[in-house]
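Convention: sequence-line order gives letters A, B, ...; per-chain numbering from 1. Basis for what follows: all heavy atoms, side chains included, without hydrogens, waters or symmetry-related copies. Worth saying up front: this structure is predicted, and the values here are computed from it rather than measured.
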2 protein chains.
Amino acid sequence: MKNQDDSLNHAMIEFYEKLSSWEMAVVKDKGFSLPQVHTVEILGLNGPMRMKELAQKIGITTGTLTVQIDKMVDAGLVVRVPHANDRRSILIELTESGQAMFAEHDKLHMQLTHDLTAKFDDSERAMLLDFFERINKEF
Amino acid sequence: MKNQDDSLNHAMIEFYEKLSSWEMAVVKDKGFSLPQVHTVEILGLNGPMRMKELAQKIGITTGTLTVQIDKMVDAGLVVRVPHANDRRSILIELTESGQAMFAEHDKLHMQLTHDLTAKFDDSERAMLLDFFERINKEF
DNA sequence: ATCGATTTATTTGATAATCAAACTAAGTTT
DNA sequence: AAACTTAGTTTGATTATCAAATAAATCGAT
């Protein structure tokens, strides 16, 4: 099934490109930069996280992230808290204001998700969720 | 079904974040910048495109894109060709070398897609493709 | 236990990406 | 044809990014 694999691959890439473009547009409308929103999004979904892990998830170096986090601390979005077991590490955590920003951004995503799957029936939507969860597990 | 909608939304975001992270890592390994690969990817999937359309898809201004395309022309990845009907516009088109880069990058995506859906059976994979295509159509 | 190697985060200096605004040229409208 | 809009480029300033150097904490192997 070479052709179908190709189609699936390209459909997936197209989805990624479109979501990426949507995200850029949404971010620019608000007063925040893409890395900042990205950070809020990741912390909101996964909870507090070490610098290194966060940098890997975003796909930037820790040096770059340090600068970004500095700005976000100044903006009151996140705080640095010491790591319980490893004194080299710190955890980056959303403040209440950061959580509010996550909630607001998440709402936009929710609306988008809703729109994109408007023509799906309940069982299809459940299947789509199952597919995404299985794919994410493999990642 | 508020909870399920939430789950679907977050699974979708998680997928996007992971794909985004994967893309960053892949790009950095090669000698090219993210915008360059992004451009090649979009042109490879959609064919030649005007500056404005390309900028919108990437999510940057045309001013920024002009600079990027300059570099990519120098690198031999793309060419500017005049638009047939509108002399204000130009089309950005992949060169052979650009197409080769797309093919190589696409291969990596293909491998990823394959790995992520390794545990899917044929009918599930077909359904996933159908879902993605319907979602992309709504975007 | 201790010394060397590794890991974590930060800092620094240089480069690259980005934007907004001004500009040129080509199309569109009235 | 004059006024307006659109497409792409240029410019000047800002921001993001990296690689490499640094400092502190942990780990590992003797």
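A straight line from CG of B:L65 to P of D:dA7 spans 14 Å, rounded to a whole angstrom. In this structure, NZ of B:K52 is placed 18 Å from P of C:dA26, rounded to the nearest angstrom. Rounded to whole angstrom, the span from the CZ atom of B:R80 across to the C1' atom of D:dG8 amounts to 9 Å. Atom pair A:I69:CD1 and D:dT17:P shows a separation of 12 Å (rounding to whole Å applied). One can place CE of A:M72 at 16 Å from P of D:dT15, the figure rounded to the nearest angstrom. Taking atom CD of residue A:Q56 and atom C1' of nucleotide C:dT7, one finds them 12 Å apart after rounding to whole Å. What separates CZ of B:F32 from C1' of C:dA16 is a distance of 16 Å, to the nearest Å. One interatomic measurement links the two molecules: CD1 of A:I92 to P of C:dA9, which rounds to 8 Å at whole-angstrom precision.
At least one side-chain nitrogen or oxygen of A:S89 sits closer than 4.0 Å to the OP1 or OP2 atom of C:dA9. For A:R50, a side-chain nitrogen or oxygen approaches OP1 or OP2 of C:dT8 to under 4.0 Å. Applying the 4.0 Å criterion to OP1 and OP2 of D:dA24, one finds that A:R87 has every side-chain N and O outside that range. Between A:S33 and D:dA16, a side-chain N or O to OP1/OP2 separation shorter than 4.0 Å is present. Regarding contacts with the backbone of C:dT11, every side-chain N or O of A:T66 stays at 4.0 angstrom or more from both OP1 and OP2.
Pairing each heavy atom of A:V40 with each of A:G98, the nearest pair is CG1-O, 3.8 Å.
When each of B:T113, B:L108, B:D115 is checked for a side-chain contact (heavy atoms from CB on, under 4.5 Å) with B:Q111, only B:D115 meets the rule.
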side-chain contact (heavy atoms from CB on, under 4.5 Å) between A:F32 and A:M101: does it pass, once the steps are laid out? CA-CA 10 Å; A:F32 300 96; A:M101 178 171 164; 3.7 Å; yes

Step-by-step salt bridge (charged side-chain N to carboxylate O under 4.0 Å, His left out) determination, A:R125 to A:D122: CA-CA 5 Å; A:R125 213 171 280 111; A:D122 279 349; 3.3 Å; yes

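Annotation: the span from B:L19 atom CG to A:E17 atom CD amounts to 9.0 Å, rounded to 0.5 Å. Note that the CG atom of A:L129 and the CG atom of B:D6 stand 11.0 Å from one another [nearest 0.5 Å].
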Let me check something: any side-chain donor-acceptor pairs from residues 45-57 of chain A under 3.5 Å, sequence neighbours excluded? List them with distances.
none

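Axis orientation changes by 40° from one end of the helix from C:dA1-D:dT30 to C:dT30-D:dA1 to the other, with each end axis drawn from 5 pairs and the value rounded to 10°.
Checked by atom type, the side-chain pair B:N9/A:H114 shows no donor-acceptor distance below 3.5 Å.
In this structure, B:K71 and A:M51 both approach DNA chain C, and ranking their closest nucleotides by distance from the 5' end singles out A:M51. Remark on DNA chain D: of its neighbouring residues A:D86 and A:Q36, the 5'-side contact belongs to A:Q36, judged by nearest-heavy-atom nucleotide.
With respect to B:E93 and B:R80, no salt bridge is recorded, no charged nitrogen being found less than 4.0 Å from a carboxylate O. Salt bridge status for B:E124 with B:K119: absent, with no side-chain N to carboxylate O gap under 4.0 Å.
For B:I90, the listed nucleotide lying nearest its side chain is D:dG8; candidates were C:dT11, D:dT26, D:dG8.
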Listed pairs, N/O of protein and of nucleotides 28-30 of chain C, under 3.5 Å:
none

Distances for protein N or O near nucleotides 18-22 of chain C N or O, under 3.5 Å:
{"unit_1": "C:dC19", "atom_1": "OP1", "unit_2": "A:K28", "atom_2": "NZ", "d": "2.8"}
{"unit_1": "C:dC19", "atom_1": "OP2", "unit_2": "B:T61", "atom_2": "N", "d": "3.0"}
{"unit_1": "C:dC19", "atom_1": "OP2", "unit_2": "B:T61", "atom_2": "OG1", "d": "3.2"}
{"unit_1": "C:dC19", "atom_1": "OP2", "unit_2": "B:T64", "atom_2": "OG1", "d": "2.9"}

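The ring-ring contact (aromatic ring centres under 6.0 Å, His included) check on A:F15 picks up B:F132, with sequence neighbours excluded. A:F102 meets the ring-ring contact (aromatic ring centres under 6.0 Å, His included) test with no other residue; sequence neighbours excluded.
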